[in-house]
Amino acid sequence: MDTAQKTVDSVVEGVKKIAVGDKKQKAKKEKGGDSGVGSAGPLELNPQPQFISHRIQVFDKLKAKLDAEIAAKPRDAITITLADGSIKQGIAWETTPADIAKGISNSLLKRTIVAKLNGDPEQLWDLERPLEANCKLELLSFEDDLGKKVFWHSSAHILGEASERRFGCSLCIGPPIESGFYYEMGLPEGAAVQQSDWKPLETLVGQIVKEKQPFQRLVLSKDDLLEMFKDNKYKQHIIKDKIKDGEKTTVYRNGPLIDLCRGPHVPNTSRIESFAIMKNSASYFLGNKDNDSLQRIYGISFPDKKQMAEHKKFLEEAAKRDHRKIGKDQELFFFHELSPGSAMWLPHGTRIYNTIMAFLREQYWQRGYNEVITPNMYNSELWKTSGHWDYYKDDMFTFGAEEKEVLALKPMNCPGHCLMFAHRERSHRELPWRVADFGVLHRNEASGALSGLTRVRRFQQDDAHIFCREDQIKEEIDDLFDFLKVVYGLLGFTFKMKLSTRPEKYMGQLSTWNMAEEKLRSALDDFAKSPGGAPWELNDGDGAFYGPKIDITISDVLKREWQCATIQLDFQQPDNFGLEYMTSEMVVKPKEDEIKPKPEEPKKEVLSSFDQTSVKKERVIKPLTPGCARPVIIHRAIAGSVERFTAILIEHFAGKWPFWLSPRQILVIPVGVGYFDYAKEVQSIFKALKMYVDVDLSGNTLQKKIRTGQLAQYNFIFGDQEMNGREVNVRNRDDTSSQDRGKPVPLQEAIEKLTALRDERRSDNPFPGDIKAEAETKA
């Protein structure tokens, strides 16, 4: 089963650049946007492709053999412990999780998607698959993240069956994703999926669901797999490249579809009560542009129609909040084909950008950070020293220089900050040394991966590195947790944290990793127990190659999760760069005429699982100077990419910016030409206070001016109440009671209250009161 998981995961990531097929094809443009008028031929092919019947013949033959083997298994008594601690008795190779669920209630069986054994997320079990030994059993529903993943994976298989029946295509991969699933396929003669194919595919899916096709699991050898999928060059490549000789893995069958798959799946296709195709696009096999161009169909599904309706409503609201739409409507930013992946920030967008950085700089000042400026371009030797070159060079913008020198635009700041730390001797009294850098970063993202501000090539981030002693780690992490609460609390985000531990390919000693992970565990445990703290989760094996990390995801107003912040412990870069600081222990330097001892030879360390070619490398670690010690580096970002963070804020606030962050804070509307001078005076007063204030001197009617200001999301609209009385008539965007007539407020009061509202970064109404009641009292 682990072999199958690695097989599927490696293909989904598309990290291996191997061309497949006799002929390379250019990627076709996405067809999902076509009008799709009319039907693209019959509902399904008749007769069906030959490869389907061949596949079934192989499956039936081997399935009969497996069934005979299972029938011969000893039927021993087993004990099954449920999540509530209750115990059920069963028989090995007969009792299934479905039997246990049904024994409790039919409704429980209907709700259950999959089983989990022994508390291990890697031991997910089909409901109809017999249990083999004593175990702890959990029954997972669609509400569980693992249950949802299995449900969507099964839905992808149903889509794969419909696609084979309609197109006669060669299926590639069909994984669940964050919101739904997709299936990738090569159509005959390089054809493209049209939007007019969506409805026929959904019709076929409906038929498949009604047939209640069971999902059947079968374990096969590599040779049997190659025979079964002999007509599918993509499966052939996956099998040959990812499954070792002598190893076995699994396939699953539903109806005529048989696919290479780890599973597990829902019991049968009738569980997928609501299904919809969302879009289609072109892609490359293994994500490599040198490979065949494929077609990808995305879908979503739910156990009932109500959840589908709620999801579509959510999508409608998300579309209204799309940062690309609001960014265009509010003239915040745009992208140009001459610099793909690099946002062009317009004046109003730049106001937001700068305000975010000003807020972070204020926090830096309070928390003892020093801001630095580092180069954008470095020699590649820097990244080889840091260890990034083997991992990131394909994602960096590199170019040649004199004497065959290779230069690169920096994709991160940490190596440059290491050079800063190392440029002179450091004392323990200087630690912790906190340096922050808003320098421009570049990453060579694939053109197909670019998406508005959320995936760009040029960006800035609130990047900082803390150089500290080991005994200072806990205090620094605690302060970072407080930093998170201040920033995210102000903006109305909730957040949760995951500890990502040592990955398969890592740098350094295992003992160092264990110590670093324990430091983070301890800090997380203490935070969970503190006021306002929250439980954390383990994300095993997903740490950076140089150290464990804490990944922080925030939840916006639509309950969507975004990863922004990260906290990473790094014990490797200090070794790589030979960083050191003088400890409190005094070391007497020898006199020049004394015989100097032979210097210690640099330490050579073999890196664990470091080289993807399996050829072990050595790195030279500079020995410590007597009386010195290595610092620890804490990599941290709170907002992360400012571009991405701005996109999240746009969608979180739906373009209705809080006053302190707003690029359009006040609009002054004079009621007539005689009030123009007073309007300009009001504008100049607030502008002197560094507020973003505009005045509308156009010839439009008063109501049209007000409506225009409301649509532009000005926080406050000022009308002229009494020029001689030095008042303004205030309409508050977020106070519906003030929209009709506004509220007369003395100018000086407006100045004081709005200044406090901005400086204190509040979101309340500074001019409370019932406007209508006030008006009636005056009457």
Side-chain angles (χ1 to χ4, degrees), residues 12-14 30 32-33 177-180 182 278-279 281 283 287 296 298 300 314-337 339-346 348-350 352-357 360 392 395 397 411-412 438 440-463 487-488 491-496 498 542 551-566 637-657 661 663:
V12 172
E13 292 298 322
E30 182 172 329
I177 54 178
E178 184 177 356
S179 182
Y182 70 79
M278 305 308 295
K279 65 177 181 177
S281 66
S283 62
R296 186 178 287 184
Y298 293 83
I300 189 74
F314 163 81
L315 292 179
E316 290 175 4
E317 180 61 29
K320 295 176 186 176
R321 293 170 176 263
D322 191 312
H323 73 278
R324 292 163 294 189
K325 177 182 181 298
I326 294 174
K328 180 180 179 181
D329 294 343
Q330 295 190 358
E331 296 188 56
L332 304 180
F333 64 89
F334 69 95
F335 290 89
H336 198 282
E337 60 184 6
S339 185
S342 301
M344 306 281 283
W345 289 93
L346 295 165
H348 290 88
T350 303
I352 297 169
Y353 203 102
N354 288 339
T355 302
I356 292 171
M357 291 203 293
L360 293 169
Y392 284 99
D395 297 320
F397 287 101
M412 70 281 292
F438 284 110
V440 175
L441 305 177
H442 288 86
R443 293 182 185 174
N444 190 11
E445 300 282 1
S447 58
L450 300 177
S451 179
L453 294 177
T454 59
R455 197 74 175 267
V456 292
R457 288 175 174 167
R458 183 267 186 209
F459 61 98
Q460 292 172 255
Q461 61 181 19
D462 64 326
D463 200 12
V487 174
Y488 293 156
L491 296 167
F493 293 123
T494 58
F495 67 94
K496 60 184 181 181
K498 292 183 179 181
D542 200 38
D551 291 320
I552 298 98
T553 55
I554 61 176
S555 180
D556 67 12
V557 71
L558 294 182
K559 307 302 181 184
R560 296 174 299 182
E561 293 188 351
W562 306 85
Q563 183 176 335
C564 295
T566 185
I638 304 299
S641 159
V642 180
E643 280 74 3
R644 188 168 183 268
F645 196 61
T646 303
I648 295 169
L649 289 174
I650 291 173
E651 299 191 7
H652 179 60
F653 292 121
K656 293 187 176 183
W657 300 97
L661 192 53

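As the structure is a prediction and not an experimental result, all values here were calculated from the model.
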Exercise. Arg644: what forms a salt bridge (charged side-chain N to carboxylate O under 4.0 Å, His left out) with it, not counting sequence neighbours?
Worked result: none
For this session: State, with a plain yes or no, whether a side-chain heavy atom of Ile638 is found less than 4.5 Å away from one of Cys564.
Result: no
Exercise. Which residue, Gln563, Arg560, Lys498, forms the side chain to side chain contact (heavy atoms under 4.5 Å, CB included) with Thr553?
Worked result: Gln563
Problem set entry | ring-ring contact (aromatic ring centres under 6.0 Å, His included) involving Tyr392 - partner list, sequence neighbours excluded | His388
Exercise. Taking Asp556 for the side chain and His652 for the main chain, is one N or O donor matched with an acceptor at less than 3.5 Å?
Worked result: no
Exercise. More than 12 non-hydrogen atoms from neighbouring residues, nucleotides or ligands closer than 6.0 Å to CD on Glu331, yes or no?
Worked result: no
Problem set entry | Heavy-atom side-chain contact between Leu441 and Gln461 under 4.5 Å | yes
Problem set entry | Which residues share a side chain to side chain donor-acceptor pair (under 3.5 Å) with Asp329, sequence neighbours left out | Lys325
Exercise. Does Glu643 reach the side chain of Phe333, with side-chain heavy atoms less than 4.5 Å apart?
Worked result: no
Exercise. Listed by chain and number, what are the side-chain contact (heavy atoms from CB on, under 4.5 Å) partners of Phe397, not counting sequence neighbours?
Worked result: Leu409, His442, Asn444, Arg457
Exercise. Can you check whether Ser342's main-chain N or O pairs, donor with acceptor, with Arg458's side chain at less than 3.5 Å?
Worked result: no
Seminar exercise, completed: What one should report as the nearest heavy-atom pair of Pro663 and Trp657 is CD-CD1, 3.6 Å
Exercise. Roughly how far apart are Ser179 OG and Phe314 CZ, rounded to 0.5 Å?
Worked result: 7.0 Å
For this session: Check whether any side-chain N or O of Arg296 sits under 3.5 Å from a backbone N or O of Ser283 as a donor-acceptor pair, and report yes or no.
Result: no
Exercise. Which atoms form the tightest heavy-atom contact between Pro411 and Phe459, and what is the distance?
Worked result: O-CZ, 4.4 Å
For this session: I would like to know whether Leu491 and Phe645 meet side-chain contact (heavy atoms from CB on, under 4.5 Å); could you show each step before the answer?
Result: CA-CA 11 Å; Leu491 296 167; Phe645 196 61; 3.5 Å; yes
Exercise. How long is the gap from CG on Leu332 to CD1 on Ile650, to the nearest 0.5 Å?
Worked result: 5.0 Å
Problem set entry | Interatomic spacing from OG1 in Thr350 to CH2 in Trp345 - rounded to 0.5 Å | 7.5 Å
Exercise. Can Asp462 and Met357 be said to form a side-chain contact (heavy atoms from CB on, under 4.5 Å), step by step?
Worked result: CA-CA 8 Å; Asp462 64 326; Met357 291 203 293; over 6 Å; no
Problem set entry | Sidechain-backbone polar pair: Ser339 side chain, His336 backbone, donor-acceptor under 3.5 Å | no
For this session: Provide the closest heavy-atom pair for Leu360 versus Ala639 in the form atom of the first, atom of the second, distance.
Result: CD1-CB, 4.3 Å
Exercise. Looking only at heavy atoms, which two atoms of Thr454 and Ala647 are closest? And how far apart?
Worked result: CG2-CB, 3.9 Å
Seminar exercise, completed: Between the CZ atom in Phe653 and the CD1 atom in Ile352, the distance rounded to the nearest 0.5 Å is 10.5 Å
Seminar exercise, completed: With sequence neighbours left out, the residues meeting salt bridge (charged side-chain N to carboxylate O under 4.0 Å, His left out) with Asp322 are Arg324
Problem set entry | Contact check, side chains of Asp463 and Phe438, non-hydrogen atoms, under 4.5 Å | no
Exercise. Is a side-chain donor or acceptor of Gln460 paired with a backbone partner of Val440 at a separation under 3.5 angstrom?
Worked result: no
Problem set entry | Gap separating the CG atom of Asp551 from the OG1 atom of Thr566, nearest 0.5 angstrom | 5.0 Å
Exercise. Under 4.0 Å between a Lys/Arg side-chain N and an Asp/Glu carboxylate O for Glu317 and Arg321?
Worked result: yes
Exercise. Can you tell me how far CH2 of Trp562 sits from CG of Leu649, rounded to the nearest 0.5 angstrom?
Worked result: 10.5 Å
Problem set entry | Partners meeting salt bridge (charged side-chain N to carboxylate O under 4.0 Å, His left out) with Lys496 (sequence neighbours left out) | Glu561
Problem set entry | Side-chain (His323) to main-chain (Leu453) donor-acceptor, under 3.5 angstrom | yes
Exercise. Are Tyr488 and Thr494 close enough that some pair of their side-chain heavy atoms sits under 4.5 Å apart?
Worked result: no
Exercise. Does some side-chain heavy atom of Ile648 sit less than 4.5 Å from a side-chain heavy atom of Phe493?
Worked result: yes
